[in-house]
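First comes the structure, then the notes that go with it.
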There are 2 protein chains.
Amino acid sequence: MNIGEAARRSGVSAKTIRYYEGIGLIPAAGRTRSGYRAYTANEVETLRFIQRARSLGFSVDEVGALLELWRDRSRASADVKAIALRHVGEIERKIAELDSIRRTLLDLTTRCCGDDHPDCPILDRLASEVG
Amino acid sequence: MNIGEAARRSGVSAKTIRYYEGIGLIPAAGRTRSGYRAYTANEVETLRFIQRARSLGFSVDEVGALLELWRDRSRASADVKAIALRHVGEIERKIAELDSIRRTLLDLTTRCCGDDHPDCPILDRLASEVG
DNA sequence: TGTTGGGCTTCCAGTCACTGGAAGGTCAAG
DNA sequence: CTTGACCTTCCAGTGACTGGAAGCCCAACA
């Protein structure tokens with residue numbers, strides 16, 4: 001099947017499939033006589049795997065590692081779990097950071113009356129750290 | 001003062017200060033006879049403002065808008081509040097997304113025994129969406 | 001006076017993971 | 001035989017920096 005069909009079936013855009021091939025995340029696809037890339041159902045499965053891993057926030061490098069483990073029948077599930085747990089750690093760090101920012105901003109916005117006057121605790125805080 | 005000192009006092013790296021000047025976030029600094037950028041205490045205050053706004057996750061464009069409002073004595077605090085509340089909304093959306101991913105991954109990692117066997121619910125899920 | 005070391009300058013390239021777009025070849029249908 | 005959808009490659013841009021090369025400037029010390 002052509003790249004457009006593979007894109008539709010996998011949820012990965014044609015542009016992105018070419019990009020993945022370019023950076024070596026997936027091997028170069030076969031070609032028709034006229035030079036079009038041709039995909040098998042198997043390759044589409046790989047693309048779906050990639051799509052799901054990316055949507056869980058794994059970096060392209062991590063996805064590469066997960067793909068290798070997926071293909072490796074003698075893998076240790078511990079290796080997969082390690083990648084996933086490291087990723088969970090990063091996500092939790094990000095959530096904590098965002099939540100701290102969120103709490104700060106909610107505090108400031110609550111105290112800003114938001115009318116047509118210039119007085120504003122938000123700007124005060126940005127200008128001087130205490131606010 | 002030189003750019004290095006301004007960087008130290010503001011918490012914005014020299015490289016980044018030049019970058020901010022290049023994209024027009026701050027006006028071009030004055031120069032000494034030999035071409036070194038020269039900063040006043042006031043300009044360092046502006047840099048500190050930028051640094052704090054960036055650390056609260058505002059985009060450089062939003063920081064530009066906040067700077068304009070900061071300098072505008074006839075601003076309406078409602079305009080500042082609107083920017084901040086929109087930003088809070090984005091943060092909450094990101095937190096929700098990360099939390100959903102986190103819950104999925106924790107579920108999968110809990111069910112993955114993480115030993116030297118290949119069986120792995122994490123890979124199963126990436127391979128077939130149900131898992 | 002010479003030189004050493006740090007700081008400053010500009011400019012180009014790289015990061016991450018794509019995305020947009022131009023210029024042109026291919027294919028099936030009408 | 002043409003239309004329109006598809007495919008190809010290649011280059012450039014995104015955000016917000018960061019690294020590094022090549023070269024000028026300046027204060028201090030022998």
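Numbered from 1 within each chain, the chains take letters A, B, ... in sequence-line order.
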Which is true for [X] with a 4.0 Å heavy-atom rule: it touches a base, it touches only sugar-phosphate, or it touches nothing?
{"X": "Phe58(A)", "result": "nothing"}
{"X": "Ile23(B)", "result": "nothing"}
{"X": "Arg31(A)", "result": "sugar-phosphate"}
{"X": "Arg54(A)", "result": "sugar-phosphate"}
{"X": "Arg37(B)", "result": "sugar-phosphate"}

Min side-chain heavy-atom separation Leu108(A)-Arg111(A) under 4.5 Å: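 A side-chain contact under 4.5 Å exists here.
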
Would you kindly give the [atom1]-to-[atom2] distance between [X] and [N], to the nearest whole Å?
{"X": "Arg33(B)", "N": "dT9(C)", "atom1": "CZ", "atom2": "P", "result": "15 Å"}
{"X": "Ile3(A)", "N": "dT8(D)", "atom1": "CD1", "atom2": "P", "result": "5 Å"}
{"X": "Arg18(B)", "N": "dC12(C)", "atom1": "CZ", "atom2": "P", "result": "16 Å"}
{"X": "Asn2(B)", "N": "dC26(D)", "atom1": "CG", "atom2": "P", "result": "10 Å"}
{"X": "Tyr19(A)", "N": "dC16(C)", "atom1": "OH", "atom2": "P", "result": "8 Å"}
{"X": "Lys15(A)", "N": "dA22(C)", "atom1": "NZ", "atom2": "C1'", "result": "10 Å"}
{"X": "Glu5(B)", "N": "dC26(D)", "atom1": "CD", "atom2": "P", "result": "17 Å"}

Polar side-chain atom of Thr109(A) near backbone of Leu105(A) as donor-acceptor pair, under 3.5 Å: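 At least one qualifying donor-acceptor pair exists.
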
Quick one: do [X] and [Y] make a salt bridge, cutoff under 4.0 Å?
{"X": "Arg37(A)", "Y": "Glu21(A)", "result": "yes"}
{"X": "Asp107(A)", "Y": "Arg103(A)", "result": "no"}
{"X": "Glu5(B)", "Y": "Arg9(B)", "result": "yes"}

Closest-nucleotide 5' rank along DNA chain C - winner of Arg8(B) and Glu21(B):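 Checking each residue's closest nucleotide, the 5'-ward one belongs to Arg8(B).
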
Toward the 5' end of DNA chain C, by each residue's nearest nucleotide, Tyr20(A) or Ser34(A):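 Here Tyr20(A) is the residue nearer the 5' end.
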
Residue closer to the 5' end of DNA chain D, Ser59(B) versus Tyr36(B) (nearest nucleotide):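 Nearest-nucleotide comparison on DNA chain D picks Ser59(B).
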
